[in-house]
K.L.:
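The structure's right below; bear with me while I get my questions together.
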Amino acid sequence: MGLAGLLAVAAIGLSGCQSADTSSTMMRVEREQGSEQNIASLSNVIAANPSDPEGYNVRGSAYGRAGEFRRALADFNKALELNPQFYQAYANRALVERNMGDQAQAQADYNRALQLNPRYDVAYIGRGNLYRQAGQLDAAFADFNKAIELDTTDPRAYHNRGLIYQARNQHGQAIEDFSTAISLAPNSPEPYNGRGISYVAQNDNDNAFADFNTAINLNGKIAESWANQALVYERQGQKEKAKRSYSHALQLDPKYEPARAGLNRINAGA
C-alpha cells in the first residue's frame with residue numbers, strides 16, 4: 001500500500017479538519033481523529049516516508065483536532081518546507097494560528113493558499129470567518145459567496161452567510177442558507193439554532209420551537225439551544241417552562257448572558 005493509502009487508513013475523513021470551524025459555533029468534528037492511537041499510526045507512516053509532506057499535513061490536522069496546536073504548527077511548517085506550494089497546508093496552518101490567537105498570520109496564510117489555488121473553497125470559508133469575527137461583514141460575505149459560487153459542499157459557508165443575513169435583518173435569505181447548511185450537515189445543531197432565531201424574528205414561533213427542540217435532541221449540552229427554547233416559551237406566556245429552560249442553560253454555561261437576562265425577565269415579571 002502506498003503512502004496515500006496508508007494515510008487514508010490511519011485518518012479516515014481527516015480532510016474535514018481542513019474545513020472545520022473551531023469557533024464556539026463550530027460544526028461538530030470527530031474527536032477520534034485526534035486520538036493518541038490515530039496520531040501514533042500517522043507517526044509510523046511519517047517514519048516510513050519522512051520526505052513526503054502529506055504525512056506531516058495529515059498528522060498536523062490530527063494534532064489540531066487534539067488541541068495540540070504547537071505540534072500541529074510544527075507539522076504544517078515541515079510540510080511547507082518540503083512543498084512550498086502545498087496550499088492545503090497553508091489553510092490548515094491558518095486554522096491553528098487562528099486558534100492560537102494569531103489572526104494576522106492566519107489571514108496571511110489563507111491569502112497564500114488562495115494565491116496558490118484561487119478555487120480553494122476551504123480557504124475562502126476560513127478567511128471569511130476571520131473577517132466575520134473581526135466585524136468585517138462585507139468582506140466575510142464576499143468570501144462566503146465566493147465559496148458558494150465554487151459549489152462548496154461545506155455547510156459552514158451557508159451557515160455563516162446566514163448569520164450575516166441575520167445580522168442584516170434579512171431573515172428570509174438567512175432561513176434559506178440555514179436550511180442548506182442543515183441539508184449538508186443534518187446532525188449539527190448550530191444551523192437549527194440559527195434558523196430558529198430567524199423564525200423568531202418573523203414571529204413564527206412554531207417553526208422556531210421545532211428547530212430549537214431539534215438542536216436540543218442533537219446535543220443537549222449546548223446552553224444556546226435551551227435558552228432559545230426558553231425564549232419561545234416566554235413569548236407564549238409559559239413562564240414556568242421558560243424559567244426551567246433558562247435555568248438549565250445557565251447550569252450548562254453559567255456565563256451565558258442571554259439565559260441570565262431571560263431568567264431575570266421572568267423573575268421580574270413574576
Side-chain angles (χ1 to χ4, degrees), residues 20-31 125 128-129 132-135 137 140-141 144 154-270:
D21 178 11
T22 56
S23 70
S24 60
T25 58
M26 67 178 288
M27 301 299 176
R28 294 203 304 277
V29 298
E30 295 297 331
R31 295 293 298 175
I125 295 168
N129 279 322
R132 186 175 66 83
Q133 291 179 344
L137 296 189
F141 192 78
F144 297 138
D154 188 322
R156 293 174 316 137
Y158 294 94
H159 178 258
N160 290 324
R161 190 176 72 171
L163 292 175
I164 295 175
Y165 277 131
Q166 197 171 72
R168 294 173 172 174
N169 291 317
Q170 296 175 275
H171 292 288
Q173 293 96 320
I175 287 168
E176 288 184 13
D177 271 359
F178 291 131
S179 296
T180 301
I182 287 168
S183 72
L184 293 169
N187 295 320
S188 293
E190 291 82 5
Y192 291 100
N193 274 319
R195 189 173 68 177
I197 289 294
S198 282
Y199 280 136
V200 166
Q202 293 185 332
N203 293 313
D204 186 346
N205 288 333
D206 289 342
N207 276 322
F209 193 64
D211 272 352
F212 299 147
N213 286 339
T214 298
I216 289 170
N217 289 334
L218 288 169
N219 184 349
K221 296 181 179 180
I222 298 176
E224 179 188 359
S225 304
W226 290 94
N228 288 341
Q229 181 198 64
L231 179 62
V232 177
Y233 280 137
E234 183 181 357
R235 286 163 63 98
Q236 294 174 335
Q238 301 184 61
K239 292 186 177 181
E240 286 304 313
K241 289 183 177 180
K243 187 174 181 178
R244 285 197 295 271
S245 291
Y246 280 133
S247 297
H248 189 66
L250 286 173
Q251 288 175 1
L252 292 169
D253 183 357
K255 296 182 180 179
Y256 191 62
E257 287 305 318
R260 188 171 304 282
L263 192 58
N264 287 341
R265 286 194 304 271
I266 298 294
N267 290 333

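Hydrogens, waters and symmetry mates play no part in the numbers below; they use all other heavy atoms, side chains included. Note that the structure is predicted; figures quoted are calculated from it, not measured.
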K.L.:
Find out whether W226 and S245 are in side-chain contact, i.e. whether some heavy atom of one side chain is under 4.5 Å from a heavy atom of the other.
P.N.:
yes
K.L.:
Could you check whether Y158 and F144 have their ring centres less than 6.0 Å apart?
P.N.:
no
K.L.:
Could you give the distance from CG (L252) to NZ (K221), rounded to the nearest 0.5 Å?
P.N.:
9.0 Å
K.L.:
Side chains of I175 and Q173, heavy atoms from C-beta outward: is any pair under 4.5 Å?
P.N.:
no
K.L.:
Which is it for V200 and F212 under the side-chain contact (heavy atoms from CB on, under 4.5 Å) test, yes or no, and what are the steps along the way?
P.N.:
CA-CA 11 Å; V200 166; F212 299 147; 3.9 Å; yes
K.L.:
If you measure from CD1 on I222 to CD1 on I216, what distance do you get to the nearest 0.5 Å?
P.N.:
9.5 Å
K.L.:
To check you understand the geometry: which heavy-atom pair defines the closest contact between G172 and Q202, and what is its length?
P.N.:
N-NE2, 3.7 Å
K.L.:
Give the minimum heavy-atom separation between A181 and P191, together with the two atoms involved.
P.N.:
CB-CB, 3.9 Å
K.L.:
Could you check whether any side-chain N or O of Q166 sits under 3.5 Å from a backbone N or O of I197, counting only pairs where one atom can act as donor and the other as acceptor?
P.N.:
no
K.L.:
Would you name the heavy atoms of A249 and A227 that are closest together and state the gap between them?
P.N.:
CB-N, 3.9 Å
K.L.:
Side chains of Q170 and D177: closer than 4.5 Å at any heavy-atom pair?
P.N.:
no
K.L.:
N267 versus K243: any side-chain heavy-atom pair under 4.5 Å?
P.N.:
yes
K.L.:
Hey, what do you get for CZ (R260) to CG (N264), rounding to the nearest 0.5 Å?
P.N.:
7.5 Å
K.L.:
If I compare all heavy atoms of Y246 with all of P258, which pair ends up nearest, and what's the gap?
P.N.:
CE2-O, 4.1 Å
K.L.:
For R195 and N207, what are the C-alpha separation, side-chain angles and deciding distance, and is it a side-chain hydrogen bond (donor to acceptor under 3.5 Å, both in side chains)?
P.N.:
CA-CA 9 Å; R195 189 173 68 177; N207 276 322; over 6 Å; no
K.L.:
Where do P186 and L218 come nearest, in terms of heavy atoms and distance?
P.N.:
O-CD1, 3.7 Å
K.L.:
CD of E190 to CD1 of I182: how many Å apart, nearest 0.5 Å?
P.N.:
10.5 Å
K.L.:
Output the distance between atom CD (E234) and atom CG (L263), rounded to the nearest 0.5 Å.
P.N.:
9.5 Å
K.L.:
Tell me if the centroids of the rings in Y165 and F141 come within less than 6.0 Å of each other.
P.N.:
yes
K.L.:
Under 6.0 Å between ring centres, would you say that holds for F178 and H159?
P.N.:
yes
K.L.:
For the residue pair N160 and I164, establish whether any side-chain heavy-atom pair is separated by less than 4.5 Å.
P.N.:
no
K.L.:
Got a donor-acceptor contact below 3.5 angstrom from the T180 side chain to the E176 backbone?
P.N.:
yes
K.L.:
If you compare all heavy atoms of D211 against all heavy atoms of G196, which two are closest, and at what distance to 0.1 Å?
P.N.:
OD2-N, 3.6 Å
K.L.:
How long is the gap from CD on Q236 to CG on L231, to the nearest 0.5 Å?
P.N.:
10.0 Å
